[in-house]
Asks: 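Structure incoming, see below.
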Number of protein chains: 2
Amino acid sequence: MVKVEEAIQQKQFKDPFNKAVVNLLYTNSYLVTSQNALFKPYGISPEQYNVLRILRGQNGVPTTVSSIQDRMLNKMSNASRLVEKLKVKGLVKRSECPNDRRQVDVLITEEGLKVLAELQVKVEQGNKDFVNLTLEEVNLLNDLLDKLRG
Amino acid sequence: MVKVEEAIQQKQFKDPFNKAVVNLLYTNSYLVTSQNALFKPYGISPEQYNVLRILRGQNGVPTTVSSIQDRMLNKMSNASRLVEKLKVKGLVKRSECPNDRRQVDVLITEEGLKVLAELQVKVEQGNKDFVNLTLEEVNLLNDLLDKLRG
DNA sequence: ATACATTATATGTCTATACATTTAATAGAG
DNA sequence: CTCTATTAAATGTATAGACATATAATGTAT
């Protein structure tokens, strides 16, 4: 087990809270790097995958751009541009919302569903592999993270 | 306490391991957003701050670009460009390494040390505030994160 | 109905990550 | 010494995050 102190060659931290922030940023980088390797062959980014997953969760009900934004992991990400990129790839459709012409209805296409299903198997297995914890430990981690942000 | 399921409006996950990956990505976003607000008035990014911190840790001994890279939280970040930006701001000095002209010695300037010291107080207090856990819980979190990557 | 505020989306710009490639210097083999 | 491989740093280019601003449509007060 490589402790965060060794990984970034920092001998000590102000306190365990500051260490935890650094540890979380470093662990995030570990996860993102691991996930990127998984996604690369598919020509789709983790963020784009996440948008597809949100859309499928709607079960055929069109979703607006702002609704996608609300459900993204990173609230500062730009759903508008991600949707545009997915549209270029033919994985989503965009259409003007009839009852409010400011809004845009976004729907995942058949091709999008296909790509998503294929990717999901790999991603879900990958995520399990990346997290080297017991079931008990991972449940504890989830509770701690939820509390941390509170 | 807002659970990650509510925060991103996802009802369930494949398993607790997949939930943990999502939870970590989401918590990272929470921390980065919190930190950004802190850094903004100083015109310096968290990544640039981290480079300054690494340089000061050398206690006046010049550090090469690749050595900075090794110590960064994100191993894929571009130390060369971050150093260039810090140099433009007058916070670091760059000089050719005499015994190996491929390498570049990087040193933090007096101005860099001043900015770093000022920022560090805010960042360390902020990090403590962002992590809503007891001392016992945060120690446990650090252990779980170290093991997770193992 | 008009004026103004609000909302949804898109766009502009900067910073950083991700990763490939280039350039220059050094190390090592013959 | 010469050729080749390796290494350090810089650079090119794509994607995304951060945040301000623009544009268009809608809601609301008068």
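Sequence lines set the chain letters: A, B, ... in the order given, protein chains first and strands last, and positions in each chain run from 1.
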Asks: Does the structure show a Watson-Crick or G-U wobble partner for C/dT6, both distances under 3.5 Å? Name it, or say none.
Replies: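 Check on C/dT6: paired to D/dA25, both distances under 3.5 Å.
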
Asks: Of all the choices, C/dA16, D/dA8, C/dT9, which nucleotide is nearest to the side chain of B/Gln103 once you look at every atom?
Replies: D/dA8

Asks: Whole angstrom is fine here: how far is it from NZ in A/Lys85 over to P in C/dA10?
Replies: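 In whole Å, C/dA10 P and A/Lys85 NZ are 14 Å from each other.
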
Asks: Tell me whether A/Glu5 is salt-bridged to A/Lys19, with the criterion being a basic N under 4.0 Å from an acidic carboxylate O.
Replies: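 Yes, A/Glu5 and A/Lys19 are salt-bridged.
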
Asks: B/Met76 has a side chain; which of C/dA10, D/dA8, C/dA18 sits nearest to it?
Replies: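 My answer, after comparing the listed nucleotides, is C/dA18.
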
Asks: Within the modelled atom types, does a donor on one side and an acceptor on the other bring the side chain of A/Arg102 and the base of C/dT9 under 3.5 Å apart?
Replies: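 No, no donor-acceptor pair under 3.5 Å.
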
Asks: For A/Lys85, enumerate each residue passing the side-chain contact (heavy atoms from CB on, under 4.5 Å) test, keeping only those at least two apart in sequence or located in another chain.
Replies: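 Residues passing side-chain contact (heavy atoms from CB on, under 4.5 Å) with A/Lys85: A/Gln48.
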
Asks: Send over the distance from A/Glu84 CD to C/dG12 C1', rounded to a whole Å.
Replies: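 Atom-to-atom, A/Glu84 to C/dG12, this comes out as 16 Å.
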
Asks: Looking only at side-chain N and O atoms, does B/Ser80 come under 4.0 Å of OP1 or OP2 in D/dA9?
Replies: no

Asks: Starting from P on C/dA25, measure out to CD on B/Glu96 and report it in whole angstrom.
Replies: 8 Å

Asks: Please report, rounded to the nearest Å, how far the P atom of C/dT17 is from the CD1 atom of B/Ile68.
Replies: 13 Å

Asks: So what does B/Gln48 hit on the nucleic acid, given a heavy-atom distance under 4.0 Å: a base, only sugar-phosphate, or nothing?
Replies: sugar-phosphate

Asks: Between C/dT17, C/dA10, C/dT13, which nucleotide gets closest to the side-chain atoms of A/Arg81?
Replies: C/dT13

Asks: Is there a side-chain contact between B/Ser66 and the phosphate of D/dA9, meaning an N or O under 4.0 Å from OP1 or OP2?
Replies: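 Checking B/Ser66 against D/dA9: at least one side-chain N or O falls below 4.0 Å of OP1 or OP2.
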
Asks: Given atom CG of B/Asn78 and atom C1' of C/dC19, what is their separation to the nearest angstrom?
Replies: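 It works out to 10 Å between those atoms.
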
Asks: State which residues pass side-chain contact (heavy atoms from CB on, under 4.5 Å) with A/Leu144; sequence neighbours excluded, sorted by chain then number.
Replies: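 In terms of side-chain contact (heavy atoms from CB on, under 4.5 Å), with neighbours along the sequence ignored, A/Leu144 is linked to A/Leu140, B/Leu133, B/Glu137, B/Leu140, B/Leu141, B/Leu144.
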
Asks: Which whole-number value in Å describes the distance from B/Asn74 CG to C/dA16 C1'?
Replies: 9 Å

Asks: On DNA chain C, nearest-nucleotide positions of A/Lys40 versus B/Leu82: which is more 5'?
Replies: B/Leu82

Asks: Side chain of A/Arg101 only, heavy atoms from C-beta on: which candidate in C/dA25, C/dA10, D/dT26 is closest?
Replies: D/dT26

Asks: Would you check if there is a donor-acceptor pair between the side chains of A/Asn78 and A/Gln69 at a distance under 3.5 Å?
Replies: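 Not at all, the side chains of A/Gln69 and A/Asn78 share no donor-acceptor pair under 3.5 Å.
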
Asks: Start at the 5' end of DNA chain D and walk down; is the nucleotide closest to A/Glu47 or to A/Asp100 reached first?
Replies: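 Upstream on the strand: A/Glu47.
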
Asks: For DNA chain D, determine which residues of residues 24-39 of chain B have any heavy atom closer than 4.0 angstrom to one of its atoms, and list them numerically.
Replies: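 Those residues are B/Val32, B/Asn36.
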
Asks: Go through the side-chain N and O atoms of B/Glu47 and B/Asn74 and say whether any donor and acceptor fall under 3.5 Å apart.
Replies: no

Asks: Rounded to the nearest Å, what distance is computed from the OH atom of residue B/Tyr49 to the P atom of nucleotide C/dA16?
Replies: 15 Å

Asks: How would you label the contact of B/Lys75 with the nucleic acid (heavy atoms, under 4.0 Å): base, sugar-phosphate, or nothing?
Replies: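 No contact at all - B/Lys75 keeps every heavy atom at 4.0 Å or more from the nucleic acid.
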
Asks: Return the value, rounded to whole Å, for the distance between atom CE of A/Met72 and atom P of D/dA18.
Replies: 11 Å

Asks: Side chain of B/Ser45 only, heavy atoms from C-beta on: which candidate in C/dA10, C/dT17, C/dA16 is closest?
Replies: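 It is C/dA16.
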
Asks: Compute whether any side-chain donor of one residue and acceptor of the other, for B/Arg53 and A/Gln10, lie under 3.5 angstrom apart.
Replies: yes

Asks: Is the closest basic N to carboxylate O distance between B/Arg94 and B/Glu84 below 4.0 Å?
Replies: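 B/Glu84 and B/Arg94: salt-bridged.
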
Asks: Whether the A/Asn142 and A/Asn139 side chains hold a donor-acceptor pair (N or O, under 3.5 Å, no angle test) is what I'd like checked.
Replies: no

